[in-house]
Amino acid sequence: QVQPVESGGGLVQAGGSLRLSCAASGGTFDSYPMAWFRQAPGREREFVSGVHWSGGFTKYADSVKGRFTISRDNAKNTVYLQMNSLKPEDTAVYYCAAGTKWRAPGVSKGEYPYWGQGTQVTVSS
C-alpha cells in the first residue's frame with residue numbers, strides 16, 4: 001500500500017497562488033493513479049484533479065480547469081497541484097489520494113483506497 005501525505009496549504013488572497021505537494025511512501029508510486037479532492041465545510045468531498053500513473057494524461061473538475069495544474073514526479077514519489085488565480089470558493093481541505101495500481105484516475109471517491117490527512121487552503125476575498 002501507499003501512504004499519501006499532503007503539504008503546502010495555507011492562507012492566500014484571491015488571485016494568488018499556492019502549490020500543494022503530496023509525498024507518497026510505502027508503495028510503488030509510479031504504478032498508482034493519483035488525485036486531489038477537496039472538501040469545504042458543510043459540503044461533500046469532491047474531485048479536483050487526477051493524473052494517470054504514467055503521467056501521460058490528466059483530468060480536472062470544470063471549476064478548476066485552466067487555473068489548476070496537476071503533475072507528478074515519480075523519481076520523488078510526489079504529486080503536485082499548482083493552484084493559480086485562486087478564488088474564495090476554492091477554500092477547502094485538500095486531500096491527496098492514490099487509486100488502484102495500473103488503473104486510470106477516476107473522479108469518484110470510492111476509486112481511491114488510500115488517502116492523506118488533508119491540508120487546509122483558505123482563500124480570502
Side-chain angles (χ1 to χ4, degrees):
Q1 62 180 334
V2 62
Q3 299 294 135
V5 179
E6 307 94 336
S7 63
L11 175 64
V12 65
Q13 292 185 342
S17 298
L18 285 173
R19 189 180 75 162
L20 306 183
S21 298
C22 174
S25 62
T28 308
F29 177 76
D30 61 359
S31 65
Y32 291 91
M34 302 295 295
W36 290 94
F37 288 75
R38 67 186 182 187
Q39 187 167 20
R43 300 178 64 180
E44 295 187 4
R45 193 170 301 186
E46 65 177 358
F47 175 82
V48 176
S49 184
V51 60
H52 191 253
W53 53 264
S54 69
F57 69 88
T58 57
K59 292 182 178 179
Y60 296 93
D62 289 342
S63 59
V64 307
K65 195 169 186 177
R67 300 188 296 120
F68 292 8
T69 302
I70 190 171
S71 62
R72 67 190 300 161
D73 186 341
N74 288 343
K76 297 181 179 179
N77 289 359
T78 302
V79 63
Y80 304 96
L81 186 67
Q82 179 65 48
M83 309 165 67
N84 298 327
S85 301
L86 283 162
K87 304 175 180 179
E89 51 262 44
D90 295 318
T91 295
V93 176
Y94 283 70
Y95 296 90
C96 179
T100 301
K101 293 175 68 176
W102 310 116
R103 301 294 187 181
V107 300
S108 299
K109 298 188 297 293
E111 299 178 72
Y112 294 87
Y114 312 107
W115 293 83
Q117 295 300 305
T119 185
Q120 177 70 48
V121 172
T122 303
V123 184
S124 62
S125 60

If you look at every heavy atom in Q1 and Y32, which pair is closest and at what distance?
-> CA-OH, 3.9 Å
Is the F37-Y112 ring centre distance short of 6.0 angstrom?
-> yes
Enter the distance from I70:CD1 to Q82:CD here, rounded to the nearest 0.5 Å.
-> 12.0 Å
Is there a side-chain contact between T58 and H52 (heavy atoms, below 4.5 Å)?
-> no
Closest non-hydrogen atom pair, A98 against P113 = O-CD, 3.2 Å
Just wondering, do K87 and R67 contact through their side chains at under 4.5 Å, heavy atoms?
-> yes
Give a yes-or-no answer on whether the side chains of S17 and N84 include a donor-acceptor pair shorter than 3.5 Å.
-> yes
Are W53 and F29 grouped together when hydrophobic residues (ILVMFWY) are joined by side-chain heavy atoms under 4.5 angstrom apart?
-> no
Quick one: does S54's side chain have a donor or acceptor within less than 3.5 Å of a partner on G56's backbone?
-> yes
R38: which of V121, T119, D90 passes side-chain contact (heavy atoms from CB on, under 4.5 Å) = D90
Where do G106 and F47 come nearest, in terms of heavy atoms and distance?
-> O-CE1, 3.4 Å
Closest approach of T100 and P33, non-hydrogen atoms and distance?
-> O-CD, 3.0 Å
Quick one: which of P105, C96, S49 gives a side-chain contact (heavy atoms from CB on, under 4.5 Å) with M34?
-> C96
Where does the angle between the aromatic ring planes of Y95 and W115 fall among parallel (under 30°), tilted (30 to 60°) and perpendicular (over 60°)?
-> perpendicular
Do Y114 and Y94 belong together in a cluster built from hydrophobic side chains that touch within less than 4.5 Å?
-> yes
Pairwise side-chain contact, F68 with L86, heavy-atom cut-off 4.5 Å (strictly under) = yes
Between the CG atom in D30 and the CG atom in N77, the distance rounded to the nearest 0.5 Å is 8.0 Å
Are Y60 and V79 co-members of a hydrophobic cluster defined by side-chain heavy atoms under 4.5 Å apart?
-> yes
Counting distance only, does the side-chain N/O of T91 pair as donor-acceptor with the main-chain N or O of E89 below 3.5 Å?
-> no
For V93 and Q120, which heavy atoms make the closest approach, and how far apart are they?
-> CG2-OE1, 3.2 Å
Indicate yes or no for a side-chain donor-acceptor contact from Q3 to the backbone of S25 under 3.5 Å, with no hydrogens or angles considered.
-> no
Would you indicate whether the side-chain heavy atoms of Y80 and R19 approach each other to under 4.5 Å?
-> yes
Considering non-hydrogen atoms only, spot the tightest contact between Q117 and E6 and give its length.
-> N-OE1, 3.0 Å
Does V12 share a hydrophobic cluster with M83, counting links as ILVMFWY side-chain heavy atoms below 4.5 Å and allowing steps through other members?
-> yes
